[in-house]
Undergrad: 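Have a look at the structure that comes next, please.
Basis for what follows: all heavy atoms, side chains included, without hydrogens, waters or symmetry-related copies. For the single chain, residues carry numbers from 1 onward in sequence order. Note that ligands are numbered from 1 as they come in the structure, with each ligand's atoms numbered from 1 the same way.
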Amino acid sequence: MSIVQDLLRINTARNRRARLPAVAAQFALGIVGLILIALVCVQLGFGLARTGFAYVILLALVSLFGSFGASVVLSILAAACLNYFFAPPLFQLSIDLPHDLERTAVFLTTSLVVTALTTRLGRAADELRGVQAKWEKAERVAHFGWWERDFTTNHVTLSDEVSRIFGVKPVDLPDWHGRWLELIHPEDRATAAEAASAALHPGGPRYELEYRVIRPDGAGRVIRSHGDVTWDETGRPLRQFGVLHDITELRSTEQELRASERRFRTFVDYAADGFFLFDDHAMVLDVNRHACESLGYSREELIGKHPRDFDLALDEEAIERLRQRMLSGETVTFETRHKRKDGTSFPVEVRGGLIEQGGRRYLSLVRDVTARKRAEEALQRSEAYLAEAQRLSHTGTSVYGAGGNLYWSEECYRLWDFDPLQGLPDAESVLQRIHSDDRDRVRKEIRKALREKGEHSIEFRIVCCGTVKHIEATSHPLLSAHGDIDQIVTTHVDVTERRRAQAQAERLLQLESDLAHMNRLSIMGELTASLAHEILHPIGTARNNARAGMRLLEMSPPNLSEVKEALGCVVRDADRAKDVVGRVRDHIRKAPPQRDVFDLNEAIHEVIVMVRTALHRNKVSVHTGLMAHMASVRGDRVQLQQVMLNLILNAVEAMSSDKEGMRELSISTEPSQTGGILVGVRDSGYGIESEHLDQIFEPFYTTKSGGIGMGLSICRSIVDAHGGRLWTEANRPRGAVFQFTLPAVNESTEIPSSTCFETVQMTPAAREAEGSDSRNPGLKSATQEPSALK
Ligand code: ADP
């Protein structure tokens, strides 16, 4: 309180100081005026009354300066002057006449009253001017003014600010009403005129209007105006007084606000999340479009709802707990399920927090996580499939980066026998699992792979719990933009089973090869008599020729030219014997398969030579119909001769059991329809029943008492391995015909270097039989008793 009083005192003191010059001026003017009036009135011979009147006027005027104190002092001085100059005794400050005393007292009283009133008037005028100035300033600041219309004169008065708002000067004011309508925006003009005239009807609406103005300078303003009408006793309008407010800024601010609100609403509505604004009682105050669409409600339907109306997981307690957490400033995040209007539900993730917006508000952002959940589930499923696929295929995956191993798949841990719970194994532990014989090689290969920055495959063994596994690791480097290795992705395949199967297959192929070799040995054994004859015959001839040569030498003179001829025959016969022995040796020799190009016709001739004696002994006549030109084929000459020998001996056997009839063997080669060569072996034997046409190629199928049933099976394997096909059919009029094709030389007839039998297709029965007897085939062995013919 005392501070306020101090302030007031300071203010008063300040005012006083500010008014001091005015008081001094008032005082000086008063003194000068008193003296001048005294001099003039003395000169003019005015008496006390007239001089006193002049003094009252002077005092009234100087009182307008505002200081009542100065006016009082001047009034007293004026009374003294009247007494001194105009009341006898003159030039003395005493009054003899009671009448003068009265008049001086009246003067003093009058002058004090007048100065008091004048001072107040002056101050009131000052204050009024101050108020008026402030009002005008307020009008300017607030763009606010007043207007008045006098219906008796039809004159309109506008405040300065109103004139400024309309952009008119006071000279424009005559005929203001018409001018006013012109200034109004054409779209608002009719409404304004209507509102103005409606307000002038008794009981009509109050004049209250917002309209746009286009000022003479072209600038547009928005105006809000309202006014009240004063009526005379007959109900006619006398005056209308109103106020007018330039609300252009307000409207444009409002428009901007609305636009910004619309923009904000658009953002919110088009957001991919649902927005919920709750009040302190968890009632929905507002929602965005997404929230409405996701729940299937309209905005109006959702406003006022409670979370329990659409949330399947939240009860009152949970909502209150969440509210408390948000009140403590926490942003809560949780997953729940929302229920749509149609009763279906979907999983959502909610993030909520407290905001202040005219009270406590809670804003929740709700995200539909159906797709994410599905994707997560799909990811989990695909990971499970991948893990299962890796487990089934014994394939592990690892990723190696700068800091060591970055990732190992489940199967990788299993393959290498590391515990996933122990974390990723370090590089050294992994190396230690590698078989000591392979470790250095693996290290070198890794260094090479890192140098070359390319894809690398390496096979090595690892030792886990005393067992050895074969691992095939294929690494693929992931390079950075600079070409450096960022990471290495490696697949680890457990190829132990594959290696075992390979080893077994190799053993099997070896057995097949051995079997084929034994088959040849067996044939050679069967042909012993025939071959012995083939060898003995040239030897005998050579012997005879040698004898003849000796006799020719003993002649005198010796017939040397005849001797030379005889010796030539000896050499030829020896060569023939040598050839036969050579061929036998080829068939007995165990040699790796060849892939040479040779003349099949010539090879067939050799076979016929080998079996010639057997044919002769069995009274079989041979017809050959071989291609005129060379029948070139690529493959193993001995193996294909083995096929021919098998077919010819089978044919001879089929014919020799028949006591009656012709025994005719026909051997042919001709171009096949596919461009290769077709070989045919026809006999006139007992033939093959149609239901056994395929069966006879199965291993161990035989109709002979001493037969093994492997010959045709081996023949088919050999022909298949040469890219051809072997089959049989009935011969006309009797017997059987065996035919096989071989591809043309330029066709792909790659015979595997290891063996001819790799592509052999065997029936399950054959496999079984092979498996059970492969260790001890004993088929058509050299030691076996040959069948009747063989
Ligand atoms: P094996 O001669 O030891 O019986 P093969 O596999 O060579 O074994 O022959 C299987 C069977 O096919 C023979 O037992 C025979 O019944 C039949 N066969 C083969 N060639 C002929 C042929 N030219 N005529 C009639 N049957 C034949």
Undergrad: Do Arg439's NZ or CZ and the ring of Phe460 fall within the cation-pi criteria of under 6.0 Å and 45°?
TA: no

Undergrad: Can you find an N/O atom of Ser713 closer than 3.5 Å to an N/O atom of ligand 1?
TA: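 No; every N/O pair is 3.5 Å or more apart.
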
Undergrad: Which of the numbered atoms in ligand 1 are under 4.0 angstrom from any heavy atom belonging to Thr702?
TA: 1 (P), 3 (O), 4 (O), 14 (O)

Undergrad: Hey, is Asn646 one of the residues with a heavy atom under 4.0 angstrom from ligand 1?
TA: no

Undergrad: Indicate the atoms forming the closest heavy-atom contact of Glu411 with Gln390, along with that distance.
TA: CG-O, 3.3 Å

Undergrad: For ligand 1, is Gly709 a contact, meaning one of its heavy atoms is under 4.0 Å away?
TA: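 Per 4.0 Å heavy-atom rule, Gly709 contacts ligand 1.
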
Undergrad: Yes or no on side-chain hydrogen bond (donor to acceptor under 3.5 Å, both in side chains) for Lys564 and Asn559, after CA distance, side-chain angles and deciding distance?
TA: CA-CA 9 Å; Lys564 194 181 167 193; Asn559 190 342; over 6 Å; no

Undergrad: Could you say whether the N/O atoms of Ala654 and ligand 1 ever approach to under 3.5 Å?
TA: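 Min N/O separation from ligand 1 is not below 3.5 Å for Ala654.
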
Undergrad: Is NZ or CZ of Arg725 both nearer than 6.0 Å to the six-membered ring centre of Trp727 and within 45° of the ring axis?
TA: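 Here Arg725 passes the 6.0 Å and 45° test against Trp727.
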
Undergrad: Using a 4.0 Å heavy-atom threshold (strictly under), name the region of Tyr686 that reaches ligand 1: side chain, backbone, both or neither.
TA: side chain

Undergrad: Keeping the roles fixed (side chain from Ser684, backbone from Met662), state whether a donor-acceptor pair exists under 3.5 Å.
TA: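 At least one qualifying donor-acceptor pair exists.
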
Undergrad: At a 4.0 Å threshold, what atoms of ligand 1 neighbour a non-hydrogen atom of Tyr701?
TA: 10 (C), 11 (C)

Undergrad: Select the closest option to atom 2 (O) of ligand 1 among Glu689, Glu653, Gln695, Lys704, judged by heavy-atom distance.
TA: Lys704

Undergrad: List ligand 1 atoms under 4.0 Å from Gly707, heavy atoms only on the residue side.
TA: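 Heavy-atom distances to Gly707 below 4.0 Å select 3 (O).
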
Undergrad: On a heavy-atom basis, I'd like to know which of Asp683, Ile708, Thr703 is closest to atom 15 (C) of ligand 1.
TA: Thr703

Undergrad: Could you tabulate the donor-acceptor pairs under 3.5 Å formed by side-chain atoms of residues 573-581, not counting sequence neighbours?
TA:
from	atom 1	to	atom 2	distance (Å)
Asp573	OD2	Ala542	N	3.2
Asp573	OD2	Asn545	ND2	3.1
Arg576	NH2	His537	ND1	3.1

Undergrad: For Phe738 and ligand 1, answer yes if some heavy atom of the residue is under 4.0 Å from a ligand atom, otherwise no.
TA: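 Under 4.0 Å: yes for Phe738.
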
Undergrad: If you round to the nearest 0.5 Å, how far is OG of Ser457 from NE2 of His476?
TA: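 Going from the NE2 atom of His476 to the OG atom of Ser457 covers 12.0 Å.
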
Undergrad: Do Gln502 and Arg499 get their side chains close enough for a donor-acceptor pair, meaning under 3.5 Å?
TA: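 Side-chain D/A pair, Gln502 to Arg499: present.
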
